[in-house]
Amino acid sequence: MGRKKQFIDQPFAYHQELELEIATLTNLGSGLGRIALPGETEAKWVVMVPFTLPGERVRVRVFRNHKNFSEADLIEVLTPSPHRVVAPCPLFGRCGGCQYQHLAYPEQLTWKQRQVGELLKHMAGIEFPVAPTVASPKDYGYRSKITPHFNPPRPAAAGANPARTQEVPIGFLRQGTRFDIVDVPQCKIATGPINARLTDVRAGIRTRAAAGAYHRGATVLLRDANGVVTTDFEAVVTESVGDLKLHFLARDFFQNNPFILPAFTSYVRDQAAATGARFLVDAYCGSGLFALTAASAFERVAGIEISESSIRFARENATANAITNTSFQAGDAASIFAGLAEQAPAFAAADTAVIIDPPRKGCDESFLRQLFAYGPQGVVYVSCDPATQIRDLTHFLAAGYTLTAAQPFDLFPQTRHLECVLTLRRSV
């Protein structure tokens, strides 16, 4: 890492080396240790070190001091964890895509379960038994969509080989940076068909770069749907989830681990049905993943999504799969309950469960106000960011809902990311 212009030199000098023991993992996937500052007898000062594991004794080099903690790079593992493994990707530690390839997969699952429990305790103030993390059937070669990117190639210097522009890095952000790209010829967590296609895609980009075709950077899409890889953002792709076949645009949001989707969607359906509700509302429904996989357990299902193209696909997917008890409408999820009033007496709150799968930022306050005013029998909250999910949970608890289940799913092996499903029932 390059030295910052305004480096804060307290409590450690730039690139000062330290030895410390790693105590835990943060929700960003870094190891966390504590060290005693000069004149102190107790180790209180926090040091964050990526690619380290709990129980390890490590030597590190400080590159940034904050108000109450420091960040450091790993130099050497002095005492390795028994759960440390050799990362199969030669780019691990440089590419910012994965954080856990050095951690045995069963331990990744344990730490993700613990992460949810700690967030519940520290953010929501509750002790709650979090279920063991559901493992992905594949812990490598699972990701069905990747979006490598590249910056505009720099012109070759005067007298230099013009072919140098062909060496433009095509890949993902370098660990700890916001702009520097690591060249990624193959991605270990991507599916085999994606990696097979990636070689040709990269060659094509470099040929065009050498011809001066790019004046700005770009993002490349590779999406694998049932073994067919497309690079066209506007192409219609087909994904199978159990017996269902779902169509959507390659650029649209869709869960990127198809191998775990049958178990994932079945759990969400069963949790919604276990509330005793007869009707289901799927807010943020996309192209119909949860609404359609859960339809068999309910009399009627309504879905809403801000993307009109996604709603069109949801309707088409219902028809193609001969599902007749669903309706979909385009609109802001915050106004969904006003639309439901027009369908009364169906979707009476006492007979309705709601599935919510909002963006990473969580639910808007206006949506939560409407949801609580509507007062459904149960809510199944799906999130790829447990921190914002549990922030929202505090509002559910204040509104009279009770948490009945917390289930992590590992849709993202080898990374710090996880999907968490919280089930809530109205208690007042």
Side-chain angles (χ1 to χ4, degrees), residues 1-2 50-51 73 86-102 138-239 248-258 412-415 417:
M1 296 212 177
F51 312 116
D73 289 322
V86 177
C89 179
L91 298 176
F92 180 68
R94 287 184 287 158
C95 174
C98 293
Q99 295 78 41
Y100 287 157
Q101 286 192 20
H102 62 315
K138 299 186 70 172
D139 57 351
Y140 283 97
Y142 65 84
R143 191 174 176 90
S144 60
K145 175 188 173 185
I146 64 171
T147 51
H149 35 276
F150 59 93
N151 292 324
R154 297 178 180 177
N161 182 356
R164 184 180 178 186
T165 58
Q166 296 179 3
E167 299 173 2
V168 55
I170 306 165
F172 306 107
L173 289 177
R174 185 179 299 276
Q175 159 66 22
T177 71
R178 296 171 58 188
F179 305 107
D180 191 15
I181 293 177
V182 174
D183 190 57
V184 181
Q186 297 277 277
C187 177
K188 290 290 186 181
I189 64 174
T191 65
I194 282 181
N195 278 316
R197 184 70 181 278
L198 182 59
T199 299
D200 291 338
V201 168
R202 286 165 49 85
I205 290 171
R206 286 182 166 161
T207 297
R208 292 189 291 275
Y214 301 112
H215 301 289
R216 63 182 63 183
T219 296
V220 185
L221 168 74
L222 291 96
R223 185 184 277 281
D224 176 4
N226 295 317
V228 178
V229 179
T230 182
T231 59
D232 183 351
F233 282 80
E234 302 302 320
V236 177
V237 297
T238 302
E239 185 65 80
F248 52 94
L249 291 179
R251 63 174 166 81
D252 286 347
F253 172 78
F254 196 86
Q255 299 288 358
N256 293 331
N257 183 341
F412 316 101
Q414 315 309 327
T415 81
H417 302 289

(message) According to ring pair (Phe, Tyr, Trp, His ring centres under 6.0 Å), who are the partners of F248, at least two apart in sequence or on a separate chain?
(response) F254
(request) List for me each residue that meets side-chain contact (heavy atoms from CB on, under 4.5 Å) alongside P169, sequence neighbours excluded, and say none if there are none. (result) I181, D183
(message) Run the side-chain contact (heavy atoms from CB on, under 4.5 Å) test against T199 and tell me which residues pass, sequence neighbours left out.
(response) Q186
(message) Show every salt bridge (charged side-chain N to carboxylate O under 4.0 Å, His left out) that has at least one partner inside residues 208-237, sequence neighbours left out.
(response) E234-R251
(request) Report yes or no: does R202 contribute a side-chain atom to a donor-acceptor pair with the main-chain N or O of I170 at less than 3.5 Å? (result) yes
(message) Show me the pairs that pass ring pair (Phe, Tyr, Trp, His ring centres under 6.0 Å) and involve residues 191-230, at least two apart or across chains.
(response) F150-Y214
(request) Could you go through the side-chain contact (heavy atoms from CB on, under 4.5 Å) check for F92 and K188 one step at a time? (result) CA-CA 10 Å; F92 180 68; K188 290 290 186 181; over 6 Å; no
(message) Treating T191 as the side-chain partner and Y142 as the backbone partner, does any N or O pair qualify as donor plus acceptor under 3.5 Å?
(response) no
(request) Walk me through it: do T230 and R197 pass the test side-chain contact (heavy atoms from CB on, under 4.5 Å)? (result) CA-CA 9 Å; T230 182; R197 184 70 181 278; 5.8 Å; no
(request) Taking ring pair (Phe, Tyr, Trp, His ring centres under 6.0 Å) as the test, write out the residues that go with F253, two or more places apart. (result) none
(request) Report yes if some heavy atom in the side chain of T147 is under 4.5 Å from a heavy atom in the side chain of L221; otherwise report no. (result) yes
(request) Identify, with sequence neighbours excluded, every residue that meets side-chain contact (heavy atoms from CB on, under 4.5 Å) alongside Q414. (result) C98, Q101, Y105, Q108, D139, Y140, I189
(request) Taking side-chain hydrogen bond (donor to acceptor under 3.5 Å, both in side chains) as the test, write out the residues that go with D180, two or more places apart. (result) R174
(message) List the residues meeting ring pair (Phe, Tyr, Trp, His ring centres under 6.0 Å) with H417, not counting sequence neighbours, and say none if there are none.
(response) none
(message) According to side-chain contact (heavy atoms from CB on, under 4.5 Å), who are the partners of V228, at least two apart in sequence or on a separate chain?
(response) none
(message) Quick test of your reading: applying ring pair (Phe, Tyr, Trp, His ring centres under 6.0 Å), list the pairs with at least one residue in residues 176-213, sequence neighbours left out, ordered by first then second residue.
(response) none
